[in-house]
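Okay, structure first, notes after.
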Amino acid sequence: MDTSVCSRPLNCAQAWIAGIVRKGDRVVDATAGNGHDTLFLAHLVGEEGSVDVFDIQQEALTATEKRLREAGCLYRGVHFHAESHARMREFVAPGIRAAMFNLGYLPGGDKSVVTCMEDTLPALEATRDLLEPGGVLTVVCYPGHEGGDTEASCVSEWMKTLDPHEWRVAELSHWNAPGKAPFLLAGFRLR
Ligand SMILES: C[S@@+](CC[C@H](N)C(=O)[O-])C[C@H]1O[C@@H](n2cnc3c(N)ncnc32)[C@H](O)[C@@H]1O
């Protein structure tokens with residue numbers, strides 16, 4: 001195994017999801033950003049699956065669409081939503097296999113536009129209800145930017161509220177990293 005899987009929360013999130021998502025599955029990318037995760041998910045689910053992608057910045061969705069087109073993965077099943085993920089329930093039917101959240105700001109974009117707990121928490125609640133047994137929810141938290149610490153703590157606390165009979169919650173964090181390093185939280189739905 002490549003050590004970057006363990007050293008980078010994002011890579012670890014993708015590795016865990018890759019072990020669970022199959023061709024034809026329905027999945028969600030809650031934060032499109034520059035489209036790296038959307039492309040990863042589109043590859044996994046293929047033309048017969050679907051990816052619902054959310055971002056409040058059109059710039060992010062445009063970049064994501066371009067990335068998929070250039071990779072030949074702009075499938076019919078990829079649905080772009082220029083909406084907050086807080087409204088996910090309105091656009092996504094129950095029975096999804098995975099949802100990825102990569103919090104924070106758009107790399108290379110406006111750093112004042114960040115995810116916030118007022119939207120992140122309702123989106124996590126929606127994901128909890130939409131995810132099918134056997135599915136997975138990943139959240140990469142960035143406590144390093146202003147407000148990121150509070151959001152990361154809220155997400156951590158929320159994860160602890162998941163019913164232990166139905167969910168396993170796992171974390172990848174760097175105990176010897178300097179400063180406030182990003183970390184990964186994942187909820188695996190058992191039943
Ligand atoms: C770190 S980036 C995501 C990176 C992305 N997953 C990738 O692979 O490139 C975070 C994104 O979350 C978006 N965002 C912020 N608040 C949001 C909200 N309420 N709903 C959906 N997206 C949001 C930002 O616009 C930004 O593009």
Side-chain angles (χ1 to χ4, degrees), residues 4-5 7-18 21 27-45 50-71 73-75 78-92 96-131 136-155 158 172-173 180-186:
S4 72
V5 168
S7 63
R8 296 195 62 215
L10 251 178
N11 293 5
C12 185
Q14 293 193 351
W16 284 347
I17 285 179
V21 171
V27 297
V28 169
D29 184 350
T31 51
N34 286 315
H36 298 280
D37 293 326
T38 309
L39 177 58
F40 162 76
L41 289 168
H43 267 305
L44 286 182
V45 303
S50 76
V51 189
D52 281 279
V53 194
F54 293 83
D55 208 291
I56 50 172
Q57 297 189 80
Q58 185 54 50
E59 181 190 350
L61 293 172
T62 303
T64 298
E65 186 174 349
K66 180 169 179 279
R67 186 175 299 281
L68 266 66
R69 185 181 308 105
E70 288 174 356
C73 292
L74 195 55
Y75 305 138
V78 182
H79 308 294
F80 296 90
H81 306 284
E83 300 284 352
S84 170
H85 43 222
R87 298 185 59 198
M88 191 190 298
R89 271 182 222 275
E90 297 171 43
F91 304 96
V92 180
I96 59 173
R97 188 73 172 162
M100 294 186 83
F101 289 71
N102 185 358
L103 304 178
Y105 52 80
L106 177 64
D110 182 350
K111 291 189 176 170
S112 69
V113 183
V114 287
T115 54
C116 61
M117 58 186 180
E118 289 79 9
D119 284 352
T120 306
L121 290 184
L124 290 174
E125 304 255 317
T127 303
R128 178 197 59 205
D129 300 341
L130 296 172
L131 209 67
V136 61
L137 149 71
T138 61
V139 188
V140 178
C141 299
Y142 296 85
H145 63 265
E146 201 184 329
D149 214 350
T150 311
E151 185 184 32
S153 300
C154 283
V155 173
W158 183 84
L172 178 91
S173 57
K180 297 174 176 177
F183 62 93
L184 165 66
L185 291 167

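The first residue of the sequence shown is numbered 1, and numbering continues consecutively from there. Indexing begins at 1, ligand by ligand and atom by atom, following the structure's order.
With hydrogens and angles disregarded, no donor-acceptor distance shorter than 3.5 Å links the side chain of Thr31 to the backbone of Leu103. Within the 3.5 Å criterion, the main-chain N or O of Val28 finds no donor-acceptor partner in the side chain of Asp52. Remark: the backbone N or O of Val78 is not paired with any side-chain donor or acceptor of Ser50 at under 3.5 angstrom.
Ile56 CG1, 3.8 Å is the protein heavy atom nearest to atom 23 (C) of ligand 1. Atom 14 (N) of ligand 1 has its closest protein heavy atom at Thr115 CG2, 3.7 Å. Taking atom 4 (C) of ligand 1 as the reference point, the nearest protein heavy-atom neighbour is Asn102 ND2, 3.5 Å. Looking only at heavy atoms of the protein, atom 20 (N) of ligand 1 is closest to His85 N, 2.9 Å.
The closest approach between a heavy atom of Ala123 and any atom of ligand 1 is not below 4.0 Å. Residue contact check for ligand 1: Gly35 places a non-hydrogen atom closer than 4.0 Å to it.
Of the candidates Leu39, Asp55, Thr38, Asp55 brings a heavy atom nearest to atom 24 (C) of ligand 1. Across Leu41, Asp29, Asp37, heavy-atom proximity to atom 6 (N) of ligand 1 is greatest for Asp37.
Phe101 and His85 have tilted rings, their planes meeting at an angle from 30° to 60° on a 0 to 90° scale.
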Checking Ile96 against Leu131 for the side-chain contact (heavy atoms from CB on, under 4.5 Å) test, could you report, in this order, the C-alpha distance in whole Å, the side-chain angles of both residues, the deciding distance, and whether it holds? CA-CA 5 Å; Ile96 59 173; Leu131 209 67; 3.7 Å; yes
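In this structure, the side chains of Val155 and Leu185 come closer than 4.5 Å at one or more pairs of heavy atoms. Residues Glu151 and Tyr142 have side chains not in contact (no heavy-atom distance under 4.5 Å, counting atoms from C-beta outward).
Short contacts between ligand 1 and Asp119, defined as distances under 4.0 Å to a heavy atom of the residue, involve ligand atoms 19 (N). Residue Leu103 has at least one heavy-atom neighbour below 4.0 Å for each of these atoms of ligand 1: 1 (C). Those atoms of ligand 1 with a heavy atom of Asn34 less than 4.0 angstrom away are 7 (C), 9 (O). Against a heavy-atom cut-off of under 4.0 Å, Gly33 is close to the following atoms of ligand 1: 3 (C), 4 (C), 5 (C), 9 (O), 27 (O). Less than 4.0 angstrom separates some heavy atom of Tyr105 from each of these atoms of ligand 1: 1 (C), 2 (S), 10 (C). Numbered from 1 in the order shown, with element, the atoms of ligand 1 that lie under 4.0 Å from a heavy atom of Ala30 read 21 (C), 22 (N).
Using a 4.0 Å cut-off between heavy atoms, Thr64 makes no contact with ligand 1 at all. In Tyr142, neither the side chain nor the backbone holds a heavy atom less than 4.0 Å from any atom of ligand 1. Only the backbone of Ala32 comes within 4.0 Å of ligand 1, judged by heavy-atom distances.
The shortest heavy-atom contact between Lys111 and Tyr105 is CE-CE1, 3.6 Å.
Leu172 contributes atom CG, which lies 4.5 Å from atom SG of Cys12 (distance to the nearest 0.5 angstrom). In this structure, CD on Gln14 lies 7.5 Å from CG on Leu41, to the nearest 0.5 angstrom.
Between His79 and Phe91, the ring center distance fails the sub-6.0 Å criterion.
Backbone and side-chain nitrogen or oxygen atoms of Gln57 are examined, and one is located within less than 3.5 angstrom of a nitrogen or oxygen of ligand 1.
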